[in-house]
Amino acid sequence: EPLPAADPLGQLPLVQYLYDDGSTQPAAAALKLGIRIRIAVTRAITSGQAVKAKELHENLSVPPEPAALKKGKLIAIGASMGGVEAVNRVLAELPPEMPGIVVVQHMPKGFTDMYAKRLDSSCRLKVVQASDNQTVDAGTVYIAPGDFHMKIERASQGYVIRIVGGERVSGHRPSVNVLFRSVAAAAGKEALGIILTGMGEDGAEGLLELRRTGAETIGQDAESSVVYGMPKVAYEIGAVGRQSALQDVPRYMLEYAYRH
């Protein structure tokens, strides 16, 4: 039987999560599409489940001094079903001395601000819902608002966020493809693109554009994905430079951040 609809930030197990129009996808229907779903489902972030960065960060090496950060670096992350927890797990392990991070998580309008606040409470990085014309600052994570696309442009002061409307791309708004393509144009080889768990193929083509500029790209592996859809397509078209278990993604992000 179809699972009951879940608040994207609520208490229910999320096998059917997450579409930006507010609809859900039952596990049975997903399996009919031939998409692998872990039996051990993820749960959305709640105040009681939020993992503190100070606990997870013990598993990482002590990062270099902030002065070691190279200017011009930018990290872009895209995720869908299962991404609410996956993004939290990745960000919670990072120190505050990181390049700016921009994130598209497929999520309905009205929930992304709450999601950003929950992440902010569980991470040492500052996490905010992105707004138009914001400058991307180091040590800050920007979550794309629901029902809008997020693009990145290069400006004299660095990178600037553009929040725009428009048609759905790859079936979504915000779209990971829109973000990745804009990062490819603005940052090119200075960027790091990461595609995490999710159903469908949004982000795969954009990640390929990033890789073609010389940017580093990471795709979550099947074993650690709740839904091995988006990262699978990205891997199959040659967009993934490194396939990684979710637990190893923060380490690769640190290596990228402090490599000159």
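Computed from a prediction, not measured in an experiment: that's the story for all the values here. The analysis underlying the following values was restricted to heavy atoms, covering all of them including side chains, and did not include hydrogens, waters or symmetry mates.
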Please report the interatomic distance CZ(Arg181) to CG(Leu208), rounded to the nearest 0.5 Å.
9.5 Å
Can you tell me if Thr217 uses its side chain to pair, donor with acceptor, with the backbone of Leu207 under 3.5 Å?
no
Going only through I, L, V, M, F, W and Y residues with side-chain contacts under 4.5 Å, is there a path from Ile75 to Tyr252?
yes
Let me confirm one number: the OH-CE distance from Tyr258 to Met98, rounded to the nearest 0.5 Å.
6.5 Å
For the residue pair Asp221 and Ser244, confirm or rule out a side-chain donor-acceptor distance under 3.5 Å.
no
Non-neighbouring partners of Arg242 that pass salt bridge (charged side-chain N to carboxylate O under 4.0 Å, His left out), sequence neighbours left out:
none
Spacing of Thr140 atom OG1 and Ile101 atom CD1 [to the nearest 0.5 Å]
9.0 Å
For residues 190-206, dump all side-chain donor-acceptor pairs below 3.5 Å to protein atoms at least two apart in sequence or in another chain.
| residue | atom | partner | partner atom | Å |
| --- | --- | --- | --- | --- |
| Thr197 | OG1 | Met81 | O | 2.8 |
| Thr197 | OG1 | Val226 | N | 3.2 |
| Thr197 | OG1 | Val227 | N | 3.0 |
| Thr197 | OG1 | Val227 | O | 3.3 |
| Asp202 | OD1 | Ser175 | OG | 2.9 |
| Asp202 | OD1 | Val176 | N | 3.4 |
| Asp202 | OD1 | Asn177 | N | 3.1 |
| Asp202 | OD2 | His106 | NE2 | 2.7 |
| Asp202 | OD2 | Val176 | N | 2.7 |

Using only atom types and a distance under 3.5 Å, with no angle test, would you say the side chain of Arg173 pairs donor to acceptor with the backbone of Asp147?
yes
Side chains of Arg259 and Glu216: closer than 4.5 Å at any heavy-atom pair?
yes
Using every non-hydrogen atom in the two residues, find where Tyr159 and Ala187 come nearest and quote the distance to one decimal.
OH-CB, 3.3 Å
Counting N and O atoms only, with roles assigned by atom type, does the side chain of Gln134 sit under 3.5 Å from a partner on the main chain of Ser131, one being a donor and the other an acceptor?
yes
Do side-chain atoms of Gln105 reach the backbone of Ser80 as a donor and acceptor pair under 3.5 angstrom?
yes
d(Asp120 CG, Gln129 CD) to nearest 0.5 Å is 12.5 Å
Within a strict 4.5 Å, meaning less than it, do heavy atoms of the Met107 and Val84 side chains meet?
yes
Is there a donor-acceptor pair closer than 3.5 Å between any side-chain N or O of Thr112 and the backbone N or O of Pro145?
no
Check whether any side-chain heavy atom of Val128 lies under 4.5 Å from a side-chain heavy atom of Ile143, and answer yes or no.
no
Which atoms form the tightest heavy-atom contact between Val90 and Pro250, and what is the distance?
O-CG, 3.8 Å
Quick one: salt bridge (charged side-chain N to carboxylate O under 4.0 Å, His left out) partners of Lys117, sequence neighbours excluded?
Asp113
SB check Lys232 Glu236 (cutoff 4.0 Å)
yes
Could you please spell out the steps behind the side-chain contact (heavy atoms from CB on, under 4.5 Å) verdict for Leu119 and Val141?
CA-CA 9 Å; Leu119 289 174; Val141 181; 5.8 Å; no
Could you walk me through whether Val136 and Ile161 pass the side-chain contact (heavy atoms from CB on, under 4.5 Å) test, one step at a time?
CA-CA 7 Å; Val136 177; Ile161 294 171; 3.7 Å; yes
Run the side-chain contact (heavy atoms from CB on, under 4.5 Å) check on Met150 and Val178 step by step: do they pass?
CA-CA 7 Å; Met150 179 167 68; Val178 169; over 6 Å; no
Please determine whether side-chain contact (heavy atoms from CB on, under 4.5 Å) holds for the pair Leu179 and Lys151, giving the CA-CA distance in whole Å, both sets of side-chain angles, and the decisive distance to 0.1 Å.
CA-CA 5 Å; Leu179 175 65; Lys151 296 181 178 182; over 6 Å; no
When rounded to the nearest 0.5 angstrom, what is the spacing between CZ in Phe148 and CD1 in Ile163?
8.5 Å
Under a single-linkage rule joining Ile, Leu, Val, Met, Phe, Trp and Tyr whose side-chain heavy atoms are separated by less than 4.5 Å, which residues share a cluster with Val160?
none
All salt bridge (charged side-chain N to carboxylate O under 4.0 Å, His left out) counterparts of Asp248, not counting sequence neighbours:
Arg251
Flag yes if more than 12 heavy atoms outside Tyr235 fall under 6.0 Å of its OH atom; otherwise flag no.
no
The criterion is salt bridge (charged side-chain N to carboxylate O under 4.0 Å, His left out); which residues satisfy it with Arg211, sequence neighbours excluded?
none
Would you check if the side chain of Tyr228 reaches a backbone N or O of Glu223 as a donor-acceptor pair within less than 3.5 Å?
no
To the nearest 0.5 Å, how far apart are CG in Leu125 and CG in Leu94?
5.5 Å
Under 3.5 Å: donor-acceptor pair, side chain of Tyr256, backbone of Leu74
yes
Close side-chain approach of Val249 to Gln220, heavy-atom, < 4.5 Å:
no
Glu167 CD: over 12 foreign heavy atoms closer than 6.0 Å
no
Linked, directly or transitively: Phe180 and Val233 (ILVMFWY side chains, under 4.5 Å):
no
